[in-house]
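Notes to accompany the following structure.
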Amino acid sequence: MRSTLATSCAPRPVRMRSGRRQPCEVRKGSVHVPTDTPPLPTGVSLTAVLVTGARAAENARPDALYHDPLADQFLASAGSPSAWWPFPGRHSDPLWQWLSYYIPLRTKFFDDYVTGAQAAGCRQIVLLGAGLDSRAFRLPWAGRTATSVFEVDVPQLCVYKEDLLARYGGVSRCRRTVVSADFREDWPGALLRAGFDPGIQTAWLSEALSAYLTPDQNDCLLRDATALSAPGSRFATEHWQPTVRDTWSAAMQRGPAADYLQSLVQPGCSRAPEAWFQLHGWHTRVFDLQERAQAYGRPTPPIQCVREAARAMRNCLVTADRP
């Protein structure tokens, strides 16, 4: 189904599969920093860098929920924390305090979703709004050719990421294809041209995309994904809606970083997750963020803005199955 948001044909997909480069390997104290790196992305695409900063911070913990070597490399390209976090007082900033707590939980949750979908027979994974996602490089895939991972994002971010990977020599552990497309245009057409097969089970992951789309755009996104989904397909998302946006924004208080992000976020989805997915024919499961945090050994820290934000996003981690 063609998105009703399409205003023109989407750009042809940038199809890039990792070549035979040396595997990316990062050791503490030995992060490789090229002398010539591309400029940081701007606008919404900069949020991918901020999230990568939170993923990289997790690497330094003795109880890390995952290990993400490429996150360290991606940050190194910026040269210094003041470059990739262009706001004052990072460690005392409410947004950073929230991201450094929440992003590891969200990453772990969706890691488990992706590996579980693969174990259940999904051999096609689509990352919507992939950003600087590194799952193609770090998760235990069945084999280089057994699973196809499609990373879909806007052209600016795709070019930036591929430039960094070429410099660092990252080698994917699966069949990886990059699809350059604007989600307000014909991204399904770009995905199909890149080799996506709508006839087999697919696991979709929209990790943070809904927060940057309007209700109508989110409806079109799920409608298009549903039209491309064979029976037995799965969908996972961080479900963003107006009440979540308002209470989360209040928790973040005011400041340069929060003001920047709040200028980008949209109302999100038009309905609560159960009703929204049911409208499109999916069976839904909503996970409690605080329960997941306890299961991962990460209780909410005694920081007011983090506690309030966690309450606002308590029911945002969602998975769905298509019968």
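What you see is a predicted model; the values in this text were computed from it and never measured.
Of the N and O atoms on the side chains of N59 and D72, at least one donor lies less than 3.5 Å from an acceptor on the other residue. At a cut-off of 3.5 Å, with distance as the only test, no side-chain donor of N218 or S210 sits close to an acceptor on the other residue. Of the N and O atoms on the side chains of Q278 and E274, not one donor lies less than 3.5 Å from an acceptor on the other residue.
Looking only at side-chain heavy atoms (C-beta outward), L261 and T47 come within less than 4.5 Å of each other. A heavy-atom distance below 4.5 Å is not found between the side chains of D224 and L222. Proximity of S148 to T177: side-chain heavy atoms (C-beta onward) are nowhere separated by under 4.5 Å. Between R55 and P104 there is no side-chain heavy-atom pair separated by less than 4.5 Å. With a 4.5 Å cut-off on side-chain heavy atoms, R144 and S172 count as touching. The shortest distance between side-chain heavy atoms of V244 and M313 falls below 4.5 Å. With a 4.5 Å cut-off on side-chain heavy atoms, M252 and Q262 count as touching. Between L192 and L228, some side-chain heavy-atom pair lies under the 4.5 Å cut-off.
Seen from the ring of W141, R173 does not count as a face-on cation partner, given the 6.0 Å and 45° thresholds. Taking the ring axis of Y66 as reference, the NZ or CZ atom of R138 stays within 45° of it and closer than 6.0 Å to the ring centre. Remark: R292 is positioned above the aromatic ring of Y296, its terminal NZ or CZ atom under 6.0 angstrom from the ring centre and at most 45 degrees off the axis.
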Yes or no on side chain to side chain contact (heavy atoms under 4.5 Å, CB included) for F150 and L127, after CA distance, side-chain angles and deciding distance? CA-CA 6 Å; F150 295 88; L127 308 179; over 6 Å; no

Walk me through whether D197 and Q124 qualify under side chain to side chain contact (heavy atoms under 4.5 Å, CB included). CA-CA 8 Å; D197 183 356; Q124 199 165 236; 3.7 Å; yes

Under the criterion side chain to side chain contact (heavy atoms under 4.5 Å, CB included), I'd like the reasoning laid out for V51 against T107: C-alpha separation, chi angles, the key distance, then a yes or no. CA-CA 10 Å; V51 168; T107 300; 5.8 Å; no

Stepwise, does the side-chain hydrogen bond (donor to acceptor under 3.5 Å, both in side chains) test hold for Y160 with S45? CA-CA 10 Å; Y160 176 76; S45 295; over 6 Å; no

E207 vs R135, test: salt bridge (charged side-chain N to carboxylate O under 4.0 Å, His left out). Steps then yes/no. CA-CA 12 Å; E207 189 162 8; R135 291 185 173 93; 2.9 Å; yes

Please lay out, stage by stage, how R223 and H280 fare under the test side chain to side chain contact (heavy atoms under 4.5 Å, CB included). CA-CA 7 Å; R223 185 161 62 244; H280 295 274; 4.0 Å; yes

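T202 places a side-chain N or O within donor-acceptor distance of the main-chain N or O of I200, the cut-off being under 3.5 Å. Q253 contributes no side-chain N or O that, together with a main-chain N or O of C305, makes up a donor-acceptor pair within less than 3.5 Å. Between the side chain of D153 and the backbone N or O of C158 there is no donor-acceptor pair closer than 3.5 Å. A donor-acceptor pair is defined here as one N or O able to donate and one able to accept, closer than 3.5 Å; such a pair exists between the side chain of T214 and the backbone of Q217. For S134 (side chain) and D68 (main-chain N/O), no donor-acceptor pair under 3.5 Å exists by modelled atom type. In this structure, the side chain of S249 does not engage the main chain of D246 through any donor-acceptor pair within 3.5 Å. With R322 contributing its side chain and S229 its backbone, the two residues share a donor-acceptor pair below 3.5 Å. Within the 3.5 Å criterion, the main-chain N or O of T300 finds a donor-acceptor partner in the side chain of R307. For the pair H91 (side chain) and W96 (backbone), a donor-acceptor distance under 3.5 Å is absent. Q97 places no side-chain N or O within 3.5 Å of a backbone atom of V306 that could act as its donor or acceptor partner.
When the options F277, W276, F235 are evaluated for a side-chain contact (heavy atoms from CB on, under 4.5 Å) with T284, the one that passes is F277.
Atom CG of L50 sits about 12.0 Å away from atom OG of S100, to the nearest 0.5 Å. For the atom pair L209 CG and Q266 CD, the distance stands at 11.0 Å (nearest 0.5 Å). A distance of 9.5 Å separates CG in D111 from CG in L65, rounded to the nearest 0.5 Å. Distance CD/Q118 to CZ/R234: 11.5 Å, rounded to 0.5 Å. Note that the CG atom of L317 and the CG atom of L105 stand 8.5 Å from one another [nearest 0.5 Å]. For the atom pair CG (L132) and CD (Q73), the distance works out to 13.0 Å, reported to the nearest 0.5 Å.
Between F196 and W204, the angle of the ring planes lies from 30° to 60°, which puts this pair in the tilted group.
Contact between P273 and Q241 at its shortest, heavy atoms only, is CD-OE1, 3.6 Å. For the residue pair W187 and L128, the shortest heavy atom distance occurs at CZ3-CD2, 3.9 Å. Closest heavy-atom contact between W85 and A257: CZ2-CB, 3.8 Å. Of all heavy-atom pairs between L264 and Y212, the closest is O-CD2, 3.9 Å. Between A190 and A181, the shortest heavy-atom contact is CB-CB, 3.9 Å. Residues A208 and R106 come closest through the heavy atom pair CB-NH1, 3.4 Å.
Between K161 and E151 a salt bridge is recorded (basic side-chain N to carboxylate O distance below 4.0 Å). Between D63 and R298 there is a salt bridge, since a side-chain N of the basic residue sits under 4.0 Å from a carboxylate O of the acidic one. Ion pair K108/D112 flagged as a salt bridge, since at least one NZ, NE, NH1 or NH2 atom sits closer than 4.0 Å to an Asp/Glu carboxylate oxygen. Checked for salt-bridge contact, R176 and E162 meet the test: a charged N lies under 4.0 Å from a carboxylate O.
Residues L221 and L279 fall into different hydrophobic clusters, defined by Ile, Leu, Val, Met, Phe, Trp and Tyr side chains chained together at heavy-atom separations under 4.5 Å.
Note: W248 and W240 meet the aromatic proximity criterion, with ring centroids under 6.0 Å apart.
Annotation: R271, atom CZ; neighbour count of heavy atoms from other residues, nucleotides and ligands within 6.0 Å does not exceed 12.
For residues 249-271, every residue pair satisfying the ring-ring contact (aromatic ring centres under 6.0 Å, His included) rule, not counting sequence neighbours, is listed here: F87-Y260.
Looking at residues two or more places apart in sequence or on another chain, you find a ring-ring contact (aromatic ring centres under 6.0 Å, His included) between F109 and F287. Partners of Y102 according to the ring-ring contact (aromatic ring centres under 6.0 Å, His included) rule, which considers only residues two or more places apart in sequence or in another chain, are W98.
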